[in-house]
Structure formats: structure tokens, C-alpha cells
Amino acid sequence: MSRIFEGKAALITGSGHGIGRATALRMASLGATVGVNDIKPEFVEKVVAEIEQAGGKAVAAAQNVSTRDGMRSAVFGFAGTQGRLDIMVNNAAWVRYQAVPDIAPDTMERMLDIGFKAVVWGIQAAAEAMDAERGGAIVNVASIAGLTSAKNSVVYSGIKAGVMGITRAGAAELGARRIRVNAVAPSAVPTEGTVRNRNAELDARRIARTPMGRLGTVDDIAKAICFLASSEAEFVTGQVMTVDGGITTTNI
């Protein structure tokens with residue numbers, strides 16, 4: 001896949017850290033000009049600097065994409081600087097796990113705004129910004145929690161199942177415009193954002209249930225996102241790719 005994204009413009013929401021950062025670094029190494037988005041400007045500037053120091057091209061896009069206006073500002077601001085938008089990765093999320101009696105309205109609203117509504121707004125804005133002839137690729141970040149759930153995850157699992165539905169519906173509607181819409185569904189991946197929901201005992205149980213014998217990494221997910229965004233997947237749309245070491249489809 002060397003330089004497979006040469007000349008392409010890719011916006012990645014929530015790319016100031018974790019999976020988004022890994023995806024931004026990888027896409028830039030493969031030739032894309034990357035729009036680095038995060039709500040925290042200091043995270044954005046750090047990733048932009050990393051990309052540029054490695055010889056890649058990046059543009060800062062520090063907006064809050066949890067609102068329609070914020071998303072449109074990020075998408076059209078970036079597309080305007082590049083004269084195009086080829087790839088959109090809807091990765092931004094905010095997660096809290098709560099037992100059913102403890103689900104709080106403000107927590108649920110924030111999770112819905114960033115994890116569900118922002119995916120819809122991202123697809124909407126990207127579809128408008130993408131060239132009618134060239135089309136483009138949209139990749140949404142779901143989770144295996146949308147397929148097989150654990151306790152304390154009613155809101156999170158519902159949102160990620162919704163992202164899978166959004167992906168299929170988006171593919172059905174936008175295919176005629178040469179816009180592909182796919183999703184990745186990672187298993188538990190250690191990141192700065194997931195550390196509060198992890199511990200050694202839980203990680204050990206997850207590893208024991210995973211045929212590959214380890215947790216996934218941000219680079220594992222970034223590679224799958226880049227594949228789905230690339231011309232290597234030009235006839236792939238409406239798919240949810242589980243990137244989980246086999247944990248959802250086996251019983252060990």
C-alpha cells in the first residue's frame with residue numbers, strides 16, 4: 001500500500017490521540033494530506049507536528065464535531081484548504097460505562113452527541129464535500145460492543161449498534177454517488193481514552209477469550225481503516241469489519 005493515498009485529502013475526527021491518531025499517522029505515511037481533528041487544540045498541534053516531522057502533510061482542524069455546525073466547520077474548512085475531500089473517518093467518541101440504574105441524562109446526551117449524531121453529521125457533510133465524479137470513502141468506527149455486549153454498556157452498545165446501522169444505510173443511499181461507507185468494529189484496544197475502563201484482571205480475561213492471544217492495538221485498527229478507505233477496497237461498501245482477533249466469532 002505504499003503511497004496509496006498520494007494526492008488524497010482525508011479528515012479524521014478525534015485524531016488527537018488513540019485510534020484516530022494512529023490512523024492519521026498511517027494515512028499520512030501513505031501519502032494523504034490529513035486533517036487532524038480534536039476538540040483540544042494542543043492534541044491537534046502535537047499530531048500535526050508528528051506527521052510533519054515524519055515528512056507527511058497535515059492540517060489542524062480543532063473543532064467540536066458533536067454539533068452539526070461544528071462538524072460542517074471541520075469538514076468544509078479542511079476541504080476548502082485542499083480543494084477536495086476524498087476520505088472521511090468518523091472516529092470521535094466519548095464513553096462512560098454505567099449500570100442501568102445509574103444512567104444519567106447528561107452522560108447519555110454527551111455520548112449520543114459525539115458517538116452517534118456526529119457520525120450522521122459527518123456523513124452528511126462529507127457527502128456534500130466529496131466530488132460528484134470522484135466520490136470518496138467514509139469509514140465509521142463502531143465496536144464489537146454493537147454485536148456482543150457486556151454489563152454496564154447499555155448506552156455504549158446501543159450507540160455502536162446504531163453506527164453499524166448508519167453505515168449500512170449510508171452505503172445504500174450514497175453508492176450511486178460513488179461514495180463507499182464502511183465501518184470497523186474493534187475489540188478492546190488500550191488507548192488513553194479507555195484506560196479508565198480497563199484493569200489487569202479484565203484484560204487477562206479478554207486475552208484468554210481471544211484466539212490471537214492478545215489485545216488489539218491502535219495500529220491494528222488503523223490498518224483496517226486504511227484498507228477500507230483505499231482503492232484496494234473499491235468494491236466494498238456497507239460492511240462492518242470486526243478487528244478483534246476472532247473474539248466475536250469463536251468460543252474458546
Side-chain angles (χ1 to χ4, degrees), residues 9-27 32 34-48 51 58-79 85 87-97 106-127 129 137-143 145-146 155-167 170 181-186 189 191-197 218 221-222 224-226 228-229 240 243:
L11 178 65
I12 305 168
T13 68
S15 49
H17 55 86
I19 290 170
R21 171 183 170 274
T23 303
L25 292 172
R26 184 169 180 81
M27 280 197 180
V34 176
V36 180
N37 164 261
D38 199 278
I39 195 171
K40 296 184 177 181
E42 62 272 25
F43 287 6
V44 170
E45 296 299 338
K46 184 177 180 180
V47 176
V48 168
I51 290 172
V59 174
Q63 281 97 3
N64 180 353
V65 296
S66 67
T67 67
R68 184 175 185 267
D69 288 345
M71 180 63 79
R72 292 179 73 82
S73 177
V75 170
F76 291 107
F78 173 67
L85 179 69
I87 298 163
M88 178 75 183
V89 180
N90 289 305
N91 165 74
W94 186 82
V95 181
R96 292 292 183 274
Y97 292 99
D106 57 342
T107 299
M108 182 165 68
E109 286 304 317
R110 186 172 180 186
M111 288 178 66
L112 285 166
D113 284 346
I114 302 172
F116 184 84
K117 295 178 187 178
V119 178
V120 175
W121 301 140
I123 292 172
Q124 183 187 64
I138 299 171
V139 184
N140 304 320
V141 178
S143 167
V155 178
Y156 180 67
S157 293
I159 286 170
K160 291 305 185 180
V163 170
M164 295 179 187
I166 290 169
T167 298
V181 187
N182 292 290
V184 294
V189 174
T191 69
E192 303 92 325
T194 63
V195 66
R196 69 175 61 86
N197 302 313
V218 292
I221 313 309
I225 292 171
C226 286
L228 290 172
V240 177
V243 189

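Keep in mind that what you see is a predicted model, and the values were worked out from it rather than measured.
In plain terms, the two heavy atoms of I221 and P186 that are nearest each other are CD1-CB, 3.6 Å. Between V75 and A129, the shortest heavy-atom distance links the atoms CG1-CB, 3.9 Å. Smallest separation of non-hydrogen atoms from S15 and V47: O-CG2, 3.6 Å. Here the shortest heavy-atom pairing between M164 and A185 reads CE-CB, 4.1 Å. Pairing each heavy atom of N37 with each of A61, the nearest pair is ND2-O, 2.9 Å. Here the closest non-hydrogen pair linking W94 and M111 is O-CG, 3.2 Å.
Listed by chain and number, the residues in a side chain to side chain contact (heavy atoms under 4.5 Å, CB included) with T167 are N140, V163, V181, A183 (sequence neighbours excluded). In this structure, the side-chain hydrogen bond (donor to acceptor under 3.5 Å, both in side chains) partners of R68, at least two apart in sequence or on a different chain, are Q124.
Note that the CD1 atom of I87 and the CD1 atom of I12 stand 8.0 Å from one another [nearest 0.5 Å]. In this structure, I138 CD1 and N90 CG are separated by 7.0 Å, a value rounded to the nearest 0.5 Å. To the nearest 0.5 Å, the span separating CD on Q63 from CG on L11 amounts to 8.5 Å. Rounded to the nearest 0.5 angstrom, I225 CD1 and T23 OG1 are separated by 3.5 Å. To the nearest 0.5 Å, the span separating CG on N91 from CD1 on I114 amounts to 11.5 Å. How far CE of M88 is from CE of M71: 4.5 Å, rounded to the nearest 0.5 Å.
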Could you give me the CA-CA distance, side-chain angles and deciding distance for R72 and W121, then say whether side chain to side chain contact (heavy atoms under 4.5 Å, CB included) is met?
CA-CA 8 Å; R72 292 179 73 82; W121 301 140; over 6 Å; no
Please report the C-alpha distance between I166 and I123 in whole Å, then the side-chain angles of each, then the deciding distance to 0.1 Å, and finally whether the side chain to side chain contact (heavy atoms under 4.5 Å, CB included) criterion is met.
CA-CA 9 Å; I166 290 169; I123 292 172; 3.3 Å; yes
Residue pair V36, F78: steps toward the side chain to side chain contact (heavy atoms under 4.5 Å, CB included) verdict:
CA-CA 9 Å; V36 180; F78 173 67; over 6 Å; no
Please step through side chain to side chain contact (heavy atoms under 4.5 Å, CB included) for the pair T191 and R21, ending with a clear verdict.
CA-CA 10 Å; T191 69; R21 171 183 170 274; over 6 Å; no
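In this structure, the side chain of K160 engages the main chain of V141 through a donor-acceptor pair within 3.5 Å.
Judged by distance alone, the side chains of T67 and D69 never bring a donor and an acceptor atom under 3.5 Å apart.
Tested against S66, the residues I39, D113, L112, T13 include a single side-chain contact (heavy atoms from CB on, under 4.5 Å) partner, D113.
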